[in-house]
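Structure first, then comments.
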Amino acid sequence: MASLPSVAFNGNLKLEPDIRKTPTFDKSQNVSYPNGDLEKNIFNLKEPLSTFNEGTQFESSFYVPLLQECAAKRSLSNAQMVHAHIVKTGTYGDEFVMTSLVNVYGKCGHMEYAQMVFDRLPGRNVVSWTGLMTGYVHNSQPEAGIRVFIQMLEVGAYPTSYTFGTILSACSSLVYVKLGKQLHAYIVKYGIESDTSVGNALCSFYSKSKSLPSAVDTFRRIEEKNVVSWTTVISACGDNGDQMMGLRYFMIMLSEDIELNEFTFTSILSLCCVIHALEVGRQIHSLSIKLGFQGNLLIDNSIMYLYLKCGFVKEANKLFDEMDSVSSVTWNAMIAGHAQMMDLAENRVYAHHSGYQALNIFLKMHRSGTKPDLFTLSSVLSICSALIALDQGEQVHAQTIKTGFLADVIVGTALVNMYSKCGNIDKAATAFEEMHKRTMISWTSMISNFAQHGRSQEALQLFKEMLSAGEKPNKITFVGVFSACSQAGLVDEALEYFEMMKKTYKIKPIMEHYACLIDMYVRLGRLEEAFDLTKKIGCEPNDVIWSLLIAGCRSQGNLELGYYAAEQLLKLKPKDKETYVMLLNMYISAERWQDVSRVRKMMKAEKFGKLQDWSWLSIKDKVYSFSPKNWSYPLKIEVEHYLGLLLDEFKSKGYQSQNQQVINEEDDEAEPVSSAVYHSEQLAIAFGLLQTKKDVPLRIVKSSSICSDCHTFIKFVSETTDRKIVICDSKRLHRFVNGHCSCGDFNNLII
DNA sequence: CTAGGGTTAG
């Protein structure tokens with residue numbers, strides 16, 4: 001697909017230096033309607049022809065302004081009415097009229113009609129060609145636009161600066177870097193690089209191609225820079241990591257006395273989002289109000305999103321409540337903004353809360369009657385994934401079908417992930433198979449999903465299918481591949497793919513790749529090879545790798561290496577509670593009491609609170625929270641009684657608590673000693689078992705990691721009660737079926 | 001020139 005345009009296009013471009021002014025319609029024709037009221041004039045067209053003044057000329061000068069009006073108002077129905085009238089009066093066939101029709105149908109998003117009219121055009125000129133092209137490019141069919149461009153070159157028509165602008169924008173959205181550069185070469189050759197619209201398009205193209213220096217360079221060459229040129233170069237800086245330069249350009253722009261428009265403001269505000277420059281954003285917002293943009297929907301959306309990005313939820317909500325009119329974009333920004341609070345949150349308790357807030361906003365949007373679009377649906381699906389909210393996810397699935405947005409690749413990919421993350425890998429696989437179109441990310445997702453569910457063979461099989469489908473893997477794809485190999489202990493395959501990644505795809509290994517491979521060796525008990533690999537990374541291993549090694553050392557009884565790894569980890573994450581608990585457990589199990597008290601002292605010095613243990617169980621559309629510290633969860637007496645019964649039963653079947661782990665760090669305050677302290681997920685599971693039918697899988701999110709006792713306990717539960725249990729803890733996804741867990745029982749479990 | 005979307009190991 002990517003090679004088609006550049007091959008067909010190579011060397012065929014015919015552009016004469018003297019032909020570059022677009023033939024335009026004579027603007028003076030626009031005066032033929034005294035009151036300029038489109039509706040009224042269109043209405044007149046409904047009258048029989050005989051009611052028109054004698055001598056009315058139904059020619060292009062009569063229709064073209066009407067059609068331009070329809071295009072500006074995006075009014076398809078009016079355009080169709082004019083079209084009918086044109087046919088009735090026999091004016092159809094006029095070149096100007098037909099070109100206008102192509103344009104108006106393109107603007108109204110009706111490309112079938114645009115193409116139909118174009119096909120019947122007797123004499124095509126560059127305006128009609130460009131009109132058709134622009135229609136396709138603006139209606140999310142850039143490939144079709146480029147096809148038209150090539151056809152145009154084949155019949156020997158000359159492109160103009162307008163044509164270049166359109167095709168460059170197609171190259172931008174498709175990231176056809178090669179074709180874009182070829183076009184640039186022709187643009188330079190014929191000396192139209194300094195044209196404002198061409199220069200703007202070039203700047204935007206280079207920005208989308210991730211080449212900021214070229215974008216800036218093309219901007220500089222524009223002779224008469226307009227507001228679009230400035231806005232484009234500012235966005236280019238914002239999108240390509242040099243936000244400060246963007247701000248500097250904004251300052252220069254202000255001093256140059258250019259009139260700002262709403263796009264300038266949204267660009268500069270979204271640049272502020274990246275660097276969390278709330279104060280600058282506020283000043284910009286004030287400036288926009290000063291310049292008369294108060295209440296502007298786009299600008300209000302941007303400033304609200306900036307508040308959310310900077311973590312000021314209350315302020316964002318206040319702004320939202322104050323806005324008189326909101327669009328789906330406003331809702332989407334609210335949802336996405338709250339969803340990203342999940343990543344920003346300092347702990348998983350808060351993250352979980354943010355996720356449900358985002359879902360509540362979605363509910364409000366629904367109640368307000370605003371229709372969800374593909375942005376809404378993909379965001380909400382990924383929120384459901386994070387919350388393991390299957391019931392909500394299924395409702396959203398229904399909506400994607402109803403609205404037809406399921407056909408969108410991104411929505412489809414989000415759906416696949418939702419099912420997988422909610423524990424239903426089979427439904428995920430079905431959704432993946434049913435996708436009409438897949439991108440590299442869709443393939444990567446499904447490979448990772450199979451790996452996460454311990455279905456390594458299917459993951460690797462899918463990877464092969466991906467390659468034969470001609471899709472190029474990226475570094476994240478290989479994370480999925482290595483993780484599949486690691487799960488299944490496929491050392492040779494892993495090393496083979498590692499070489500393939502470096503040699504065939506020229507991808508430099510990243511820390512995550514090494515983590516997967518080290519995980520693989522550790523699972524196989526090959527600690528030495530795991531340690532050897534840490535030395536090949538070329539830089540200091542990260543905390544994930546040290547944790548893996550510690551877990552391996554603990555299970556292998558290689559304490560010396562374990563201590564070494566533990567101290568390294570402590571250096572890397574001196575503020576992390578889980579690290580301390582892990583260390584403490586290691587020293588306790590080795591009965592190294594001096595180290596135990598040393599670590600305890602360090603923990604006290606760090607003064608962090610207790611490790612929070614919360615679990616959330618979702619049943620239908622309700623979420624129940626459980627914590628051993630919280631005495632108010634529902635059915636408390638029944639739950640504890642039932643857990644006691646289960647424990648007795650499991651013990652008779654061989655369940656033994658390792659009892660080595662500390663649950664909490666040493667307490668300063670005496671706690672009432674309860675006869676049985678259960679962990680939050682145990683409470684959640686017992687409650688779920690009591691409240692739901694046998695065939696309902698239990699889905700739980702846990703704030704910290706599952707401890708090995710609970711892990712064993714849950715395996716017993718899944719076997720004796722014949723329940724599927726899915727738990728997403730702070731480290732990974734566990735799916736318990738019939739006494740087995742998809743994590744392969746290798747955990748660096750801590751509390 | 002146009003805000004808002006899907007992939008990562010433990």
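Residue numbering restarts at 1 for every chain, and letters A, B, ... go by the order of the sequence lines.
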For the side chain of [X], counting heavy atoms from C-beta on, which of [options] is nearest?
{"X": "A:Ile410", "options": "B:dT8, B:dT2, B:dG5", "result": "B:dG5"}
{"X": "A:Ser445", "options": "B:dG4, B:dT7, B:dC1", "result": "B:dT7"}
{"X": "A:Thr232", "options": "B:dG4, B:dC1, B:dT7", "result": "B:dC1"}
{"X": "A:Thr439", "options": "B:dT8, B:dG6, B:dC1", "result": "B:dG6"}
{"X": "A:Val479", "options": "B:dT2, B:dT8, B:dG6", "result": "B:dT8"}
{"X": "A:Thr413", "options": "B:dG6, B:dA3, B:dC1", "result": "B:dG6"}
{"X": "A:Leu298", "options": "B:dG6, B:dG4, B:dA3", "result": "B:dA3"}
{"X": "A:Thr444", "options": "B:dG6, B:dG5, B:dT7", "result": "B:dT7"}
{"X": "A:Lys731", "options": "B:dG5, B:dG10, B:dT7", "result": "B:dG10"}
{"X": "A:Val544", "options": "B:dG6, B:dG10, B:dA3", "result": "B:dG10"}

Would you indicate what [X] reaches in the nucleic acid, counting non-hydrogen atoms under 4.0 angstrom: base, sugar-phosphate, or nothing?
{"X": "A:Asn200", "value": "nothing"}
{"X": "A:Lys421", "value": "sugar-phosphate"}
{"X": "A:Asn449", "value": "nothing"}
{"X": "A:Ser730", "value": "nothing"}
{"X": "A:Tyr305", "value": "sugar-phosphate"}
{"X": "A:Ala515", "value": "nothing"}
{"X": "A:Val411", "value": "base"}

Is the aromatic ring centre of A:Phe375 closer than 5.5 Å to the centre of the six-membered base ring of B:dG4, with the two planes inclined by less than 30°?
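Given the distance and angle limits, yes, they stack.
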Could you pull out all donor-acceptor pairs under 3.5 Å where a side-chain atom in residues 197-205 of chain A meets a protein atom, sequence neighbours excluded?
| residue | atom | partner | partner atom | Å |
| --- | --- | --- | --- | --- |
| A:Asn200 | OD1 | A:Ser229 | OG | 2.7 |
| A:Asn200 | ND2 | A:Thr196 | O | 3.4 |
| A:Asn200 | ND2 | A:Asn226 | OD1 | 3.4 |

Atom pair distance, as rounded to whole Å: [atom1] in [X] and [atom2] in [N]:
{"X": "A:Met304", "N": "B:dG4", "atom1": "CE", "atom2": "C1'", "result": "9 Å"}
{"X": "A:Leu548", "N": "B:dG10", "atom1": "CG", "atom2": "C1'", "result": "6 Å"}
{"X": "A:Leu269", "N": "B:dT2", "atom1": "CG", "atom2": "C1'", "result": "13 Å"}
{"X": "A:Met520", "N": "B:dT8", "atom1": "CE", "atom2": "C1'", "result": "17 Å"}

Is the base of B:dG5 touched by the side chain of A:Ser378 through a donor-acceptor pair closer than 3.5 angstrom?
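Answer yes: a donor N or O sits under 3.5 Å from an acceptor.
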Looking only at N and O atoms, is any donor in the side chain of A:Asp373 or the base of B:dG4 less than 3.5 Å from an acceptor on the other one?
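Indeed there is one.
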Does [X] place a side-chain N or O at less than 4.0 Å from the phosphate oxygens OP1/OP2 of [N]?
{"X": "A:Ser204", "N": "B:dC1", "value": "yes"}
{"X": "A:Arg523", "N": "B:dG10", "value": "yes"}
{"X": "A:Ser382", "N": "B:dG6", "value": "yes"}

SB check A:Glu394 A:Lys427 (cutoff 4.0 Å):
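Between A:Lys427 and A:Glu394 there is a salt bridge, with a charged N closer than 4.0 Å to a carboxylate O.
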Check the side chains of A:Asp729 and A:Ser705 for a donor-acceptor pair under 3.5 angstrom, ignoring hydrogens and angles.
no
May I ask you to check whether over 12 heavy atoms, not counting those of A:Lys210, lie within 6.0 Å of atom NZ?
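More than 12 heavy atoms, drawn from other residues, nucleotides or ligands, come within 6.0 Å of this atom.
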Considering only distance and modelled atom types, tabulate donor-acceptor pairs under 3.5 Å from the side chains of residues 300-311 of chain A, sequence neighbours left out.
| residue | atom | partner | partner atom | Å |
| --- | --- | --- | --- | --- |
| A:Asn301 | OD1 | A:Thr330 | OG1 | 2.8 |
| A:Ser302 | OG | A:Leu298 | O | 3.1 |
| A:Tyr307 | OH | A:Arg282 | NE | 3.0 |

Quick one: does NZ or CZ of A:Lys536 land under 6.0 Å from the six-membered ring centre of A:Tyr514, within 45 degrees of the ring axis?
no
